[in-house]
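Since the structure comes first, as structure tokens, the remarks are kept for the end.
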2 protein chains.
Amino acid sequence: MSLATNAADQPTLYKRIRADIEKRILTGEWPPGHRIPFEHELVARYGCSRMTVNKALSELAQADLIERRRRAGSFVRRPQHLSAVLKIADIRAEIIALGRSYGYELIGRKLRAATAADRDRLGVKKAGKVVAINCRHSADNVPFAVEDRLINLSSVPNAATADFSREPPGSWLLHHVPWTEAEHTISAIVADDRTAEALNIAVGAPCLVIDRYTWRSARTITAVRLLYPGDSHRLVARFKGG
Amino acid sequence: MSLATNAADQPTLYKRIRADIEKRILTGEWPPGHRIPFEHELVARYGCSRMTVNKALSELAQADLIERRRRAGSFVRRPQHLSAVLKIADIRAEIIALGRSYGYELIGRKLRAATAADRDRLGVKKAGKVVAINCRHSADNVPFAVEDRLINLSSVPNAATADFSREPPGSWLLHHVPWTEAEHTISAIVADDRTAEALNIAVGAPCLVIDRYTWRSARTITAVRLLYPGDSHRLVARFKGG
DNA sequence: CACGATCATATGTCTAGACATATAAGTCAA
DNA sequence: TTGACTTATATGTCTAGACATATGATCGTG
């Protein structure tokens, strides 16, 4: 019976159900915490058996996109299942997890029309407004990292009015812009005068550089460069497979 | 009827099937390319319906542990689905992928009983033999990275007789020891005299350091430290999720 | 109000079938 | 030998049920 609805479909039904739900999550229509329809509701909507819906939801749960709770339903998960490398997205959380006291200091914040350099850095073509932020993170009152960030206001208009004097922009973004993709580039430099002063290390000391570029559904969110003292910091990534 | 076999089990049947197969793959009993039993054979062995074994196999396929081919069967996959950060496990493949000519040079190779330092580095308690290898990778005849590696012969006895004068140990291991887990630690240093000479860079130039520790099923395989010129190398990792 | 016991319900797992579909393998002709 | 056609088969998807189980809600009691 339900095969009727499957007549002109290219993908199979359970994949369509999965894709439908995934799309609503990724576009933010169903934000983290949102309860997605019960299985029996989806059964009614798609006119299929429960096993079909269950397969779609199971795969979404396996991908950590949703969390399934008996008796309660299925809920969109908060994106907290990141690999260790990405977890440094929230430096505050990282430092607190290490049991050290976290310190944050906003050095500069500018709202401006995107310059050519800004557009290049964000990988966007059209002009628009951006926020440029400079700040410093510390652990136990020792400089931990300096951050140089650009936020694309076309994608995240709220960031124009967010108060970054108390909350670090990485944490703010993590809570306001869920489900992004990111690309990291890791390299090493030696500290120049400015960096050495900001990190309280010697000029010429090694620094770890992390450039992260973040987007959601083809919209650039933010570009950030983080500088860590190279001898004191460790990025740990653990993988399974080959 | 099949519920009878499920009587004293803690995990559910499909999870047990999945775990059974996963174990044989991870221990190497079923190497890459091996055809695992057909669904109908597993149905007979576990006395359950096909949907149950199908669920187990589908999850293994989703985890990229096996590949399913219609009419042919299901096969253990070669571990080639690594994240970008881990892909540097095979520097030769990385350089060739960049379209550059790969060069390899074995600097030193020692077979010895594990010293206290070796055991500490490998994270093993019992004494045993190890191979210590020093080598250099180059791209277009320019030094690309120097490698300092320790292989635990208790886990990989074959490595004692492998010819590392032509094949880099990372590539050799990748082809002889499938399905490992790894932990990376990334940091930055400045080049000392020896490093500077090996990489043909200036003393005091920044270097990216990657320490990788690899194991399989609680058995340590190898520990390696890679040094890259920090200004010329880029580690790129791309993630999906928050 | 706090705390247990009970109940309702959504998910978790499973069955014994079914038809669809891709494809390895065999068959036959050019 | 090679290419085209046929066939057998393993996986892919789906159904309409079933019972198990965890847990949010509700209700009653001290």
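Lettering of chains follows the sequences in order, A, B, ..., and the numbering in each one begins at 1.
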Whole angstroms only, please: what is the [atom1]-[atom2] distance between [X] and [N]?
{"X": "Lys55(B)", "N": "dA16(C)", "atom1": "NZ", "atom2": "P", "value": "17 Å"}
{"X": "Arg16(B)", "N": "dT13(C)", "atom1": "CZ", "atom2": "C1'", "value": "15 Å"}
{"X": "Met51(B)", "N": "dA16(C)", "atom1": "CE", "atom2": "C1'", "value": "11 Å"}
{"X": "Ile17(B)", "N": "dC14(C)", "atom1": "CD1", "atom2": "P", "value": "8 Å"}
{"X": "Glu67(B)", "N": "dA24(C)", "atom1": "CD", "atom2": "C1'", "value": "15 Å"}
{"X": "Leu42(B)", "N": "dT11(D)", "atom1": "CG", "atom2": "C1'", "value": "13 Å"}
{"X": "Arg18(B)", "N": "dC14(C)", "atom1": "CZ", "atom2": "C1'", "value": "16 Å"}
{"X": "Tyr46(B)", "N": "dA16(C)", "atom1": "OH", "atom2": "P", "value": "18 Å"}

*Do you know the tightest heavy-atom contact between Cys135(A) and Tyr104(A)?*
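Taking Cys135(A) first and Tyr104(A) second, the nearest heavy atoms are CB-CE1, 3.5 Å.
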Please check the phosphate of [N] (OP1 and OP2 only) for any side-chain N or O of [X] closer than 4.0 Å.
{"X": "Lys15(A)", "N": "dG12(D)", "answer": "no"}
{"X": "Thr52(A)", "N": "dT15(D)", "answer": "yes"}
{"X": "Ser74(A)", "N": "dT11(C)", "answer": "yes"}
{"X": "Arg68(B)", "N": "dG12(D)", "answer": "yes"}

_Please compare Tyr14(A) and Ile36(B) by the position of their nearest nucleotide in DNA chain D and report the one closer to 5'._
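Closer to the 5' end of DNA chain D: Ile36(B).
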*asked:* Tell me whether Arg68(B) is salt-bridged to Glu39(B), with the criterion being a basic N under 4.0 Å from an acidic carboxylate O.
replied: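 Looking at Glu39(B) together with Arg68(B), the answer is yes, because their closest N to O distance falls below 4.0 Å.
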*Decide, yes or no, whether a salt bridge links Glu59(B) with Lys15(B) under the criterion of side-chain N to carboxylate O below 4.0 Å.*
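Salt bridge: no.
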*Do the non-hydrogen side-chain atoms of Val156(B) and His176(B) ever get within less than 4.5 Å of each other?*
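No, their side chains stay 4.5 Å or more apart.
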Quick check: any donor-acceptor pair below 3.5 Å linking the side-chain of [X] to the base of [N]?
{"X": "Arg70(B)", "N": "dT23(C)", "value": "no"}
{"X": "Arg50(B)", "N": "dA16(C)", "value": "no"}
{"X": "Arg71(A)", "N": "dA8(C)", "value": "yes"}

*Of the nucleotides dG12(C), dT15(C), dA10(C), which one has an atom closest to the side chain of Asn54(A)?*
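So the nucleotide nearest the side chain must be dG12(C).
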*With sequence neighbours excluded, tell me which residues meet ring-ring contact (aromatic ring centres under 6.0 Å, His included) with Tyr213(A).*
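Testing Tyr213(A) for ring-ring contact (aromatic ring centres under 6.0 Å, His included), a comparison that skips the adjacent residues, returns Trp215(A).
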